[in-house]
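Please read the structure below before turning to the comments.
Values below: all heavy atoms of this structure, side chains included; hydrogens, waters and symmetry mates excluded. Here the structure is a predicted model, which means the values were calculated and not measured.
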Amino acid sequence: MNNNQVTPPPSYDNIGFRHDDGRPPAYNQIQSLYPPIPHSTVPHSTVPHSTGPHSTVPHSTVPHSTPQYVPSIPYINTHLSTPDVLQTQKKGPRRCHWKYILSTLMCVLLVVAVVSVLLWYFLFYQCFTGRSCGGKCLSHSQWCDGVKDCAEEEDESQCFRVRGANFLLESYSSVQQSWIPVCADHWDSTHGKAVCQQMGYEGEDYGSFTQTSSGSASQGYMKLNPTSDGSRVQTQLSFSYSCSSRAVSLTCIACGLSSAGPSSRVVGGTEAVNGAWPWQVSLQIQGKHICGGSIISSMWILSAAHCFQSYNRPNMWKVQYGDVSLSTMRTQLPKSVSKIVSHENYNSHTNDNDIALLKLSSPLTFSSRVKPVCLPNVGVDLSAERQAWITGWGALQVSGSTPDKMNQAEVTIYSRATCNVPYVLNNQVTKTMICAGKLSGGVDTCQGDSGGPLVVKQDGLWWLAGDTSWGIGCASQNRPGVYGNVSYFINWIHVQMQNY
């Protein structure tokens with residue numbers, strides 16, 4: 001957390017990490033496996049929020065990453081076909097020769113046309129109007145129809161989501177080919193727990209279900225079979241225009257609650273108190289704070305991909321939690337990491353897709369000081385020009401040492417249009433990012449804050465809007481910090497939680 005307005009040279013936000021000059025090739029953003037849904041800081045160069053003294057970096061885009069990345073060289077297939085073309089020409093009238101050529105050409109054109117139509121239908125039309133899995137094209141009617149068409153069963157495992165701050169449960173209807181609210185008729189906690197586990201949560205995380213309004217725009221309900229036993233719930237739902245109850249509101253985990261409010265609103269940051277940000281964790285290597293992270297379930301921590309580019313072995317990392325003091329946490333037993341899942345399309349040159357998940361070796365025990373933050377449901381408004389909070393153990397000034405106590409600061413989320421003007425971040429903020437800070441300077445994340453949370457309070461709950469990614473300097477004027485856009489990644493997050 002930084003309140004220094006000096007503009008130093010570019011550097012990482014993770015003390016101890018450096019980028020080299022190598023840049024990996026850009027990746028294409030993969031399409032979500034879900035059915036379609038409506039829908040920091042471093043000097044004048046982009047640099048990830050890793051831990052480590054800031055080093056001078058040329059005026060270029062550099063992610064807030066920590067470890068060194070060795071770019072891979074894509075294999076280019078330059079297969080050349082060189083068939084024999086010399087043949088003995090048959091003697092005879094010239095007209096027979098041209099008839100032969102013409103008929104051959106017509107046959108070739110016909111074959112090409114047929115192949116093109118088939119390719120268009122199977123590779124473009126069906127996948128464009130439906131979905132694909134493992135190279136297999138499915139129509140919308142094959143999703144959530146009770147038949148496992150995909151090798152990984154994603155067509156039957158990704159059939160539920162929650163919408164809005166009231167946690168309205170929706171199921172994908174293969175008949176209506178859209179997301180439909182679930183009717184509370186015949187619903188109980190057995191069904192609720194089954195759906196939450198299908199979405200990637202642990203059984204012990206289960207919160208509760210209540211009834212809520214489906215909204216005036218509801219076009220019907222997904223209604224539960226009265227004899228449903230709670231297994232494979234989507235196969236026991238059918239579309240109905242009527243519902244004698246209201247819709248299901250499903251809380252898979254009690255999230256976004258803090259036992260203490262921010263202690264102050266002083267510009268530039270202040271020390272946090274225990275219980276104010278119970279989801280904040282310290283990710284450490286050999287007892288040294290490297291990056292921040294956010295608890296999203298008893299088994300999962302959300303952080304930034306750039307923290308794990310070189311240091312990508314799970315057994316290197318420990319997770320400390322439950323206190324605002326690093327020295328106090330070091331006296332407690334940390335959690336081990338069993339799996340690191342960095343976004344497969346993370347690009348250290350553009351900083352796109354800077355998000356990662358860590359799966360713990362054993363579940364956390366929740367308390368007043370250890371709680372999950374809420375992942376942004378579909379429809380939760382985390383838009384621009386609203387206030388948010390940043391927290392972490394990052395340096396209080398460029399190249400400064402890591403403080404012992406967690407700091408907090410209030411910032412403003414800006415629109416991408418504001419962030420991308422030439423004198424601010426010059427078109428470097430993509431749809432996978434959001435930017436926040438103070439255009440006047442003085443408040444920002446800095447070295448050591450990488451991967452930590454940017455949170456917004458709405459309807460009494462704290463929602464995870466971003467993970468600290470990169471920035472230009474620390475707290476400089478017109479240089480807001482940049483964060484991974486968690487709302488953009490919500491489908492990806494649940495897929496990883498389901499798969500691992």
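If you take CE on Met199 and CG on Asp205, they are separated by 12.0 Å, rounding to the nearest 0.5 Å. Gln280 CD to Ile301 CD1: the interatomic distance, rounded to the nearest 0.5 Å, is 10.0 Å. Atom CH2 of Trp279 and atom CD1 of Ile296 lie 13.5 Å apart (nearest 0.5 Å). Expressed to the nearest 0.5 Å, how far NZ of Lys318 lies from OG of Ser361 amounts to 7.5 Å. Between the CH2 atom of Trp179 and the CG atom of Leu169 there is a distance of 9.5 Å, given to the nearest 0.5 Å. Ser342 contributes atom OG, which lies 11.0 Å from atom CG of Asn353 (distance to the nearest 0.5 angstrom).
Using a 30° and 60° split on the angle between ring planes, Trp187 and His191 fall in the tilted class, from 30° to 60°. Aromatic ring orientation, Trp277 versus Trp462: perpendicular (interplanar angle above 60°, classes split at 30° and 60°).
The two residues Pro480 and Leu439 have their closest heavy-atom pair at CD-CD2, 3.9 Å. The two atoms that bring Gln284 and His289 nearest to each other are CG-CA, 3.8 Å, heavy atoms only. Nearest heavy atoms, Ser298 versus Leu360: O-CD1, 3.8 Å.
Residues Asp352 and Thr430 bring a donor and an acceptor atom of their side chains to less than 3.5 Å of each other. Side chains of Ser249 and Asn166: no donor on one and acceptor on the other come within 3.5 Å. Side-chain polar atoms of Asn485 and Thr432 form no donor-acceptor pair below 3.5 angstrom. In this model, no donor atom of one side chain and acceptor atom of the other lie less than 3.5 Å apart for Glu385 and Thr412.
With Pro453 as the fixed residue, the side-chain contact (heavy atoms from CB on, under 4.5 Å) test singles out one of Thr391, Ile390, Ile295, Val281: Thr391.
The backbone N or O of Ile253 lies less than 3.5 Å from no partner atom in the side chain of Thr251, so there is not a single donor-acceptor pair. In this structure, the side chain of Asn420 engages the main chain of Asn427 through a donor-acceptor pair within 3.5 Å. A donor-acceptor pair is defined here as one N or O able to donate and one able to accept, closer than 3.5 Å; no such pair exists between the side chain of Asn478 and the backbone of Ser440.
A 4.5 Å side-chain heavy-atom check between Leu357 and Ile493 finds at least one atom pair inside the cut-off. For the pair Leu364/Lys335, a side-chain contact is recorded, criterion being any heavy-atom separation below 4.5 Å from C-beta on.
Annotation: Gln332, atom CD; neighbour count of heavy atoms from other residues, nucleotides and ligands within 6.0 Å is above 12.
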Please list every donor-acceptor pair under 3.5 Å in which a side-chain atom of residues 366-379 meets a protein atom from a residue at least two apart or in another chain.
from: Ser367; atom 1: OG; to: Arg369; atom 2: N; distance (Å): 3.3
from: Ser367; atom 1: OG; to: Val370; atom 2: N; distance (Å): 3.4
from: Arg369; atom 1: NH1; to: Asp323; atom 2: OD2; distance (Å): 3.3
from: Asn377; atom 1: ND2; to: Gly164; atom 2: O; distance (Å): 2.9

